[in-house]
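Scroll down for the structure; my scribbles are underneath it.
Since this is a predicted model, take the numbers as computed values, not measurements. We name chains A, B, ... by the order of the sequence lines, and we start the count at 1 in each one.
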2 protein chains.
Amino acid sequence: MKKTVLVFSGLILGIILFIRLSTYTILSGYSTLEFVIALIALVFFFIGMYLNKRSLGHLKKPQTKIDREKINTLGLSSREYEVLENISEGLSNKEIAEKLFLTESTVKTHVSNVLLKLNAKRRTQAVQIAKRFEIL
Amino acid sequence: MKKTVLVFSGLILGIILFIRLSTYTILSGYSTLEFVIALIALVFFFIGMYLNKRSLGHLKKPQTKIDREKINTLGLSSREYEVLENISEGLSNKEIAEKLFLTESTVKTHVSNVLLKLNAKRRTQAVQIAKRFEIL
DNA sequence: ACCATTTTGGTACTTAAGTATGAGCCGCTG
DNA sequence: CAGCGGCTCATACTTAAGTACCAAAATGGT
């Protein structure tokens with residue numbers, strides 16, 4: 001953010017200096033004024049794009065908004081979804097059971113239901129499908 | 001892309017018209033010229049940012065560049081990495097074996113090595129760790 | 001209060017995943 | 001050329017995952 005501000009103010013100064021100079025030297029006709037302004041507009045346009053790309057590039061997480069509509073469409077219950085989340089974290093059934101204060105047997109039931117509803121054969125596939133559906 | 005071009009050219013026209021008018025009306029002193037130009041620069045800066053954000057927003061995949069350095073650091077061989085990729089696709093050992101023309105037994109060896117090198121206990125966890133390391 | 005769904009849990013079983021260990025083959029490098 | 005690392009495959013196990021089927025609470029809406 002510091003860099004951005006520095007670069008930005010530096011460019012503002014540069015532009016102002018450029019104007020100061022151009023008003024007394026290059027700038028003679030009207031068309032030249034328009035050209036200079038168009039150039040400035042273009043330059044700042046691309047600077048805006050560049051800086052934006054940089055700042056967005058720093059965002060590590062894709063921030064995929066969870067499609068709750070889709071979860072309902074698939075018929076996933078809240079508990080089943082909760083289990084699915086933990087599967088994607090790489091937890092085992094036993095670990096999920098401990099985390100959610102359940103028996104492993106209950107977790108297995110939920111997992112089986114999730115696989116059915118997502119039409120997956122394995123938990124790994126379920127995660128992949130869930131991400132395609134943007135519910136994870 | 002069509003929209004972008006249209007909006008862009010429209011704005012260029014608008015700016016030129018604005019200049020035409022301002023040169024004969026508002027624009028009287030030097031400071032005003034600078035102000036107008038700064039304004040244009042600012043406007044185009046934000047237009048650039050906005051358009052860039054829009055176009056980047058259409059990208060569905062986060063485009064996480066694969067950190068090949070990290071792969072080497074972890075000591076993952078190319079075959080092991082290939083297996084890891086297929087694990088993240090939700091494939092079973094048997095399916096990976098068929099896809100890569102291997103026996104299931106070889107795939108299991110690779111999987112075991114991957115789990116060791118990623119310090120994971122399960123294939124699901126391996127995928128999660130790999131994504132944190134940005135190698136997937 | 002009743003019904004549908006969810007949540008929970010169990011048993012019994014099958015299948016997949018993962019570990020340990022050994023071994024042959026190939027290509028590269030000191 | 002000996003050796004190392006990577007790739008392949010196998011056997012024998014252990015453990016986790018997943019299926020099928022059932023059933024009792026809990027929950028929530030009409």
Inset, instruction - Assess the side chains of Thr103(B) and Thr106(B): does a donor N or O sit below 3.5 Å from an acceptor N or O? - result: yes

Inset, instruction - Identify which nucleotide among dT7(C), dA10(D), dT19(C) has an atom closest to any side-chain atom of Leu115(B), counting heavy atoms from C-beta outward. - result: dT19(C)

Inset, instruction - Give a yes/no on whether any side-chain N or O of Thr109(B) is located under 4.0 angstrom from OP1 or OP2 of dG6(D). - result: no

Inset, instruction - Would you indicate, yes or no, if dA16(D) has its OP1 or OP2 atom less than 4.0 angstrom from a side-chain nitrogen or oxygen of Asn93(A)? - result: no

Inset, instruction - Kindly say if Ser77(A) contacts the phosphate of dT27(D), meaning a side-chain N or O under 4.0 Å from OP1 or OP2. - result: no

Inset, instruction - Considering just the side-chain nitrogens and oxygens of Arg122(A), establish if one lies under 4.0 Å of OP1 or OP2 belonging to dA17(D). - result: no

Inset, instruction - May I have the distance from Asn86(B) (atom CG) to dA17(C) (atom P), rounded to whole angstrom? - result: 13 Å

Inset, instruction - Using heavy atoms to find the nearest nucleotide of DNA chain D for Leu100(B) and Ile87(A) separately, return the residue whose nucleotide is more 5′. - result: Leu100(B)

Inset, instruction - Spell out, yes or no, whether Phe133(A) and Ile66(A) are grouped together once hydrophobic residues are joined by side-chain heavy atoms under 4.5 Å, including indirect joins. - result: yes

Inset, instruction - Using atom CD of Glu104(A) as one end and atom C1' of dT19(D) as the other, report the distance to the nearest whole Å. - result: 14 Å

Inset, instruction - State the CD-OG distance between Gln128(A) and Ser88(A), to the nearest 0.5 angstrom. - result: 13.0 Å

Legend entry - Length of the CG-P vector between Asn119(A) and dT19(D), whole Å: 11 Å

Legend entry - Minimum-distance nucleotide to Lys108(A) side chain [options: dT19(C), dA17(D), dT8(D)]: dA17(D)

Inset, instruction - Would you kindly give the NZ-to-C1' distance between Lys94(B) and dA17(D), to the nearest whole Å? - result: 15 Å

Inset, instruction - May I ask you to decide whether Lys65(A) forms a salt bridge with Glu134(A), counting only side-chain N to carboxylate O separations under 4.0 Å? - result: no

Legend entry - Nucleotide dA17(C), atom C1' - distance to CG of Asn113(B) in whole Å: 15 Å

Inset, instruction - Could you tell me whether the phosphate oxygens of dA16(C), OP1 or OP2, come under 4.0 Å of any side-chain nitrogen or oxygen in Ser92(B)? - result: no

Inset, instruction - Rounded to the nearest angstrom, tell me the gap between atom CD in Glu82(B) and atom P in dC7(D). - result: 9 Å

Inset, instruction - Would you mind reading off the distance between Tyr81(A) atom OH and dT7(C) atom P, rounded to a whole angstrom? - result: 14 Å

Inset, instruction - Check whether any side-chain nitrogen or oxygen of Thr106(A) sits under 4.0 Å from OP1 or OP2 of dG9(C), and answer yes or no. - result: yes

Legend entry - Spacing of NZ belonging to Lys117(A) relative to CD1 belonging to Ile129(A), to within rounding of 0.5 Å: 15.0 Å

Inset, instruction - Would you tell me if any nitrogen or oxygen in the side chain of His110(B) comes within less than 4.0 Å of OP1 or OP2 on dT8(D)? - result: yes

Inset, instruction - Give a yes/no on whether any side-chain N or O of Arg79(A) is located under 4.0 angstrom from OP1 or OP2 of dT8(C). - result: yes

Legend entry - Test: Glu85(B) and Lys99(B) ion pair at under 4.0 Å: no

Legend entry - Length of the NZ-P vector between Lys117(A) and dG18(D), whole Å: 16 Å

Legend entry - Phosphate-side-chain proximity, Thr103(B) and dC9(D), N/O vs OP1/OP2 below 4.0 Å: yes

Inset, instruction - With DNA chain D as reference, determine whether Ser105(B) or Val111(A) sits nearer its 5' end, using the nearest nucleotide of each. - result: Ser105(B)

